Structures are given as C-alpha cells and as structure tokens.
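For reference, the structure is listed below as structure tokens.
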Amino acid sequence: MFLSYPFIVFLTVLIFLYYVLPKRCQWFLLLVAGFAFYAAADIRYPPFLMATAFTVYGAALWIGRCSQKTAAYRKGPHKEGEAPSRQEKKAFRRKMEKKKKRILLLCLFLNIGILAFVKYTNFVIDNVNTVLEHTGRQELSYIDFIVPLGISFYTFQAVGYLFDVYWEKCEIQKNFLRFTLFVSFFPQLVQGPISRYSHLSQTLYGKHSFDGKNIRSGLERILYGCFKKLVIADRMGAGLHVLAEDPGHYTGGFVFVGMIFYAVQLYADFTGGIDITIGIAEMFGIQVEENFIRPYFSKNIAEYWRRWHISMGTWFRDYMFYPCSISRPVKKIAVFCKKHFGMGAARRVPVYTATMLVWLVTGLWHGARWYFVVWGLANGVILLISEELTPLYQRFHQRFPGLGGSVCYRAFQVFRTILLMSCLRLFDIYGSVRTTLRQFVHMFTQFGSHPVTGEELAGLGLSRADYVILGAGVLVLVLVSLGGRGGSVRETIRRQPYAVRYTVYVSLFFAVLLFGVYGQGYDVRQFIYNQF
C-alpha cells in the first residue's frame with residue numbers, strides 16, 4: 001500500500017496541503033487523511049477503528065473523573081467539623097478504585113473482544129470441527145469475517161493509552177477528534193510501531209512550519225526503506241516461495257537455505273516498512289519511535305527481543321508481564337510454592353507464569369494458527385532456559401575471564417542467536433507444526449543426500465544476477481548497521497562533501513528503480529506484517 005502509485009500521489013498532495021493550510025488545521029487534516037487512507041483500503045474498516053476510539057476515549061474520561069473525585073474528596077474544601085476521617089478517605093478511595101477497575105475491564109473486554117472475535121472465531125470453529133469430525137457430529141459453519149487492516153496495532157495502541165490513564169502515567173486527551181487522530185495516524189496503521197501517547201502526542205498535535213530538512217530527512221529514510229523492501233525482501237521472497245511450496249523436494253541443506261532467506265527477507269521487509277513509516281511522519285514534523293535497533297547483532301535471545309519490534313515487546317512487558325507477575329492469583333500460587341517447595345520455586349512462579357502467558361499471547365497476536373502458538377511458547381521456553389542457565393554462564397566466564405571480551409566469542413554469540421531465532425522462524429516458512437518439525441530434522445539427517453548445488457539454487461527462480469544483487473544488498477544492510485553503532489548514518493552522510501552525499505542518494509535511488517522487484521502493473525507485494 002505504501003509503495004503504490006495512488007499512495008505516492010496521496011502523500012504528495014497531503015504534504016502540500018499540510019504546509020499550505022493554516023497551522024491550526026494541520027492535525028485535523030491528518031485525521032481526515034487517516035480515514036481516507038483507511039477507507040481506501042476497505043470502506044468497511046473505519047467503523048471498527050471508530051468503535052475502538054469512541055469506547056477508549058469515553059472510558060479514559062470516566063476513569064479520569066473518578067481520579068478527580070478521589071483527589072477532591074481528599075483535599076476538600078470541607079465545612080468545619082465535617083471533614084472526613086482518615087478511614088472515610090480510604091473507603092472512598094477504594095470505592096473509586098473499584099469503579100475505575102470495572103471501567104477498565106469493561107473497555108478491555110469490548111476492544112480485545114472485537115479483536116479476538118474477528119481474528120480468532122474461525123480458528124476456534126476449526127478446532128471444534130476437528131473434534132466433531134472424530135465424533136461423527138455435524139460440523140459448525142465458518143463465518144465470513146473481515147479483518148480490518150492493522151487492527152492489532154491500533155487496538156494495542158489505544159489500550160496502552162487506557163492503561164496509562166488508569167495508572168495516571170499520562171494526561172487525558174479531552175478532545176475526541178484529537179484522540180481519534182492518535183489512534184488513526186495513517187503511517188502506523190499498516191504495521192506499527194505501537195506508539196505511546198506520552199511520546200507521540202508531543203509532536204502529533206503541534207503546529208509545524210515547512211522545513212526542508214525534515215522533508216529531505218524523511219525522503220532519505222523512505223528511500224532506504226524502499227531499497228530494503230523492493231531490492232532485497234521481495235527478491236528474496238521469490239526464492240523462498242519455491243522452497244516453502246515444495247518441502248518434500250527441498251529438504252536437507254535447502255531447509256537451512258530457506259531459514260537464512262527468511263531471516264533476511266523478514267528483516268528487510270519489516271524494517272523497510274518501519275523506515276517508510278518513520279520517514280513519512282518525519283516529513284510532517286512528527287516523531288515516531290524506532291522499532292528496531294540492530295537486532296541481528298544481539299548476543300542472546302533476550303537481547304534480540306529487546307531490539308526487535310521494540311514497541312510490541314515493551315507493550316507486552318508493561319501491560320501484561322508486570323501486571324500478571326504481581327496479580328493476586330499468581331501471588332497465591334507463589335505462596336503455595338514457597339510453603340511446599342521452598343523460596344526458589346516461589347521466586348520463579350511469577351516470572352515463569354507471566355513469561356509463558358506473554359509468549360502465548362504474542363504467538364496468537366501474530367496469527368490464529370497453531371504454529372504461531374508453538375512459535376510463541378518456544379520463545380518463552382528458550383528465554384526461561386537461558387535465565388536458568390545464567391549462573392552457569394557466570395561461572396564459565398569467571399573460569400575463563402578473557403573469553404567473554406574476545407571478538408571471536410562475541411561473533412559466536414551473535415551467530416548463535418541468529419541461527420536460533422531463524423530455526424524458530426521455520427514455523428513461519430512452512431505454516432505447519434508437523435512440516436516444520438519434519439524439515440528441521442531433515443536439515444540434519446538429509447543434509448548430504450540432497451546437496452545444495454548451483455543448478456538447484458537456479459531452480460528457485462533466482463538468476464545469478466539476482467544472487468549478486470542480494471549479496472550486495474545484504475552487504476549494504478550490514479555496513480549500515482555497523483555504521484549505526486556510532487550514531488546516525490544519515491547524519492554521517494550529511495557531513496560528507498556534496499558530491500559524495502548525493503552520489504549515495506542517487507545510487508540508492510537508481511538501485512531501487514533498476515533492481516527493485518515489481519509485481520504486475522507495478523503493484524508491489526504487501527508487507528509481511530500487514531496480516532497482523
């Protein structure tokens with residue numbers, strides 16, 4: 001959608017109007033543009049977004065009034081001799097807290113319920129039918145739902161705002177249209193990131209004057225995102241499609257090839273889309289938080305998830321992991337474990353329970369398929385195993401103090417993490433738990449029986465020129481990531497002489513123009529994370 005000709009025209013006209021119209025109208029123009037963008041995808045989508053915006057906005061105001069009543073009752077003013085006692089103040093506060101909690105839970109039930117209903121009803125029916133099939137009973141009919149574009153992203157963003165209001169961590173937006181803009185800001189509707197109100201609101205509603213630096217900087221980011229998407233991700237996707245469609249033929253070493261292909265494709269596709277999102281926002285003078293920080297340079301899986309899809313990870317951490325780990329049921333289980341199994345078990349219960357719940361939901365968030373569930377739970381198990389082995393790692397590094405700081409060992413840790421995460425991503429490639437497990441085993445047992453040859457690689461639909469372009473593209477990604485460790489690569493380029501600077505831009509532009517993979521009628525493939 002971002003890379004279609006109609007969107008380019010839409011964005012060009014919008015930027016022109018944004019800086020021509022009075023500044024007080026800028027935020028409202030973005031609101032109208034967001035709904036136009038969303039309706040263009042499907043006219044049935046906007047009512048879903050409006051339902052989320054209206055219910056969360058109303059619930060936040062209601063919760064805010066409860067907080068105000070509590071503060072007013074505590075501070076007064078009260079007539080002489082009629083001031084409430086300390087116990088009465090506590091009772092009133094508890095009453096208001098219960099009311100706030102009921103409002104929060106009701107709004108969560110409505111919005112998470114809508115998300116679950118449209119995304120997971122047929123998944124439940126499919127599993128029920130599997131049981132009915134074995135019992136000989138009549139199977140249930142599937143329901144023809146529409147799944148609105150980006151529903152997981154805007155629902156989580158709105159719910160995050162509601163939690164922050166409940167915990168009094170952010171101000172309440174009293175203007176309904178302004179709040180709706182926060183939920184519907186169009187660059188984020190496709191694939192995030194999931195922004196926090198306290199951050200996005202700082203620039204979303206501001207009055208922005210035309211700044212050539214913002215336009216240039218945004219275009220640079222968009223251009224690099226297009227390079228990732230069109231030159232690398234879509235080209236890699238062609239070969240990966242062949243591997244995934246015929247797993248019976250492409251076994252052994254080709255499973256490893258597909259694993260690496262997908263690691264590159266997913267990174268280029270997802271980060272490319274986020275680059276475009278941030279670049280578009282930057283052209284309007286709006287700051288959107290980074291969603292990736294060189295994840296493939298992580299030395300362990302915990303670090304990887306702190307660097308990959310950061311907004312989703314922090315959302316689950318703040319709004320699910322922490323509340324779950326200190327919830328009353330989990331505390332009761334921890335007390336039981338302390339009594340019967342000791343303090344060590346009691347300390348582990350909150351972490352284990354919250355971690356596995358978060359990763360179960362993370363898997364389901366990615367899609368209503370069992371392989372997503374298994375993928376999520378596998379991540380949780382590996383994280384917990386890594387946590388349990390931490391004392392062993394520490395003793396190892398104490399025994400060999402010079403090893404941990406060596407370049408070779410750090411490189412080993414990085415490649416180990418990449419391979420581990422790529423193995424888990426096999427579930428994405430094959431879309432089946434059974435096929436994935438079989439292919440994983442075949443990667444080791446049939447590695448020599450079906451060697452990876454040049455002829456076989458050519459059979460994936462990629463020519464020698466394609467492999468050269470992919471190799472050069474991946475090298476660019478690596479060099480940019482390495483350069484980013486010392487600061488912004490764009491700022492580094494801008495400090496170069498004029499000739500060097502524009503040689504880089506022109507080369508990148510023609511690389512996208514000449515080597516980009518375009519579909520029929522120049523309709524490029526949709527981003528992978530659109531489906532979520």
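Heads up: numbering here begins at 1 and tracks the sequence. These numbers were taken from a predicted model, which means no experiment stands behind them.
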Is there a side-chain contact between [X] and [Y] (heavy atoms, below 4.5 Å)?
X    : Y    : result
K331 : R328 : no
L424 : I382 : yes
L200 : Q188 : yes
T277 : V190 : no
V257 : Y250 : no
H309 : N291 : yes
N300 : Q413 : no
V264 : L470 : no

Can you tell me if [X] has over 12 outside heavy atoms packed within less than 6.0 Å of its [atom1]?
X    : atom1 : result
F396 : CZ    : yes
R490 : CZ    : yes
Y120 : OH    : yes
Y142 : OH    : yes
H199 : NE2   : yes
F92  : CZ    : yes

| request: With side chain to side chain contact (heavy atoms under 4.5 Å, CB included) as the test, would you mind laying out the steps for F270 and W308 before giving the verdict? | output: CA-CA 10 Å; F270 198 7; W308 177 281; 4.2 Å; yes
Donor + acceptor pair across side chains of [X], [Y] (<3.5 Å):
X    : Y    : result
E168 : S67  : yes
Y154 : N111 : no
K169 : S198 : no

| Are K100 and T70 close enough, and set up right, to give a side chain to side chain contact (heavy atoms under 4.5 Å, CB included), and what steps lead you there? | CA-CA 11 Å; K100 286 168 59 177; T70 302; 5.7 Å; no
Under-4.0 Å salt bridge between [X] and [Y]:
X    : Y    : answer
R306 : E303 : no
E388 : R348 : yes
E387 : R347 : no

[X] versus [Y], closest heavy-atom pair with distance:
X    : Y    : answer
Y161 : A60  : CE2-CB, 3.6 Å
D318 : W167 : O-CH2, 3.6 Å
F227 : G473 : CZ-CA, 3.9 Å
F297 : S481 : CE1-CB, 3.3 Å
L115 : F156 : CD2-CE1, 3.9 Å
S325 : P350 : O-CB, 3.5 Å

| note | Only one of V414, T417, N379 passes side chain to side chain contact (heavy atoms under 4.5 Å, CB included) with Y304, and that residue is T417
| task | Could you check E290 against I278 for side chain to side chain contact (heavy atoms under 4.5 Å, CB included), going step by step and ending with a plain yes or no? | result | CA-CA 8 Å; E290 295 290 342; I278 294 175; 3.6 Å; yes
| How far apart are the C-alpha atoms of F153 and W365, what are their side-chain angles, what is the distance that settles it, and do they pass the ring pair (Phe, Tyr, Trp, His ring centres under 6.0 Å) test? | CA-CA 10 Å; F153 291 103; W365 181 87; 5.3 Å; yes
| request: Not counting sequence neighbours, which residues clear side chain to side chain contact (heavy atoms under 4.5 Å, CB included) with L384? List them please. | output: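 Per chain and number, L384 pairs via side chain to side chain contact (heavy atoms under 4.5 Å, CB included) with V351, Y352, T355, M356.
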| message | Please report whether the ring centroid of Y45 lies less than 6.0 Å from that of F37. | response | no
| Between W370 and F123, is the gap from one ring center to the other below 6.0 Å? |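 Yes: the rings meet the under 6.0 Å criterion.
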| note | The residue among Y197, Y57, Y205 that forms ring-ring contact (aromatic ring centres under 6.0 Å, His included) with F182 is Y197
| query | Does the pair S298 and M421 meet the rule for a side chain to side chain contact (heavy atoms under 4.5 Å, CB included), with working shown? | reply | CA-CA 11 Å; S298 304; M421 295 308 304; over 6 Å; no
| field | Pair K228-D269, salt bridge (Lys or Arg N to Asp or Glu O under 4.0 Å): steps then yes or no | value | CA-CA 6 Å; K228 290 180 179 178; D269 188 282; over 6 Å; no
| request: Take S201 and Q173 through the side-chain hydrogen bond (donor to acceptor under 3.5 Å, both in side chains) test and state the conclusion after the steps. | output: CA-CA 9 Å; S201 62; Q173 176 52 256; over 6 Å; no
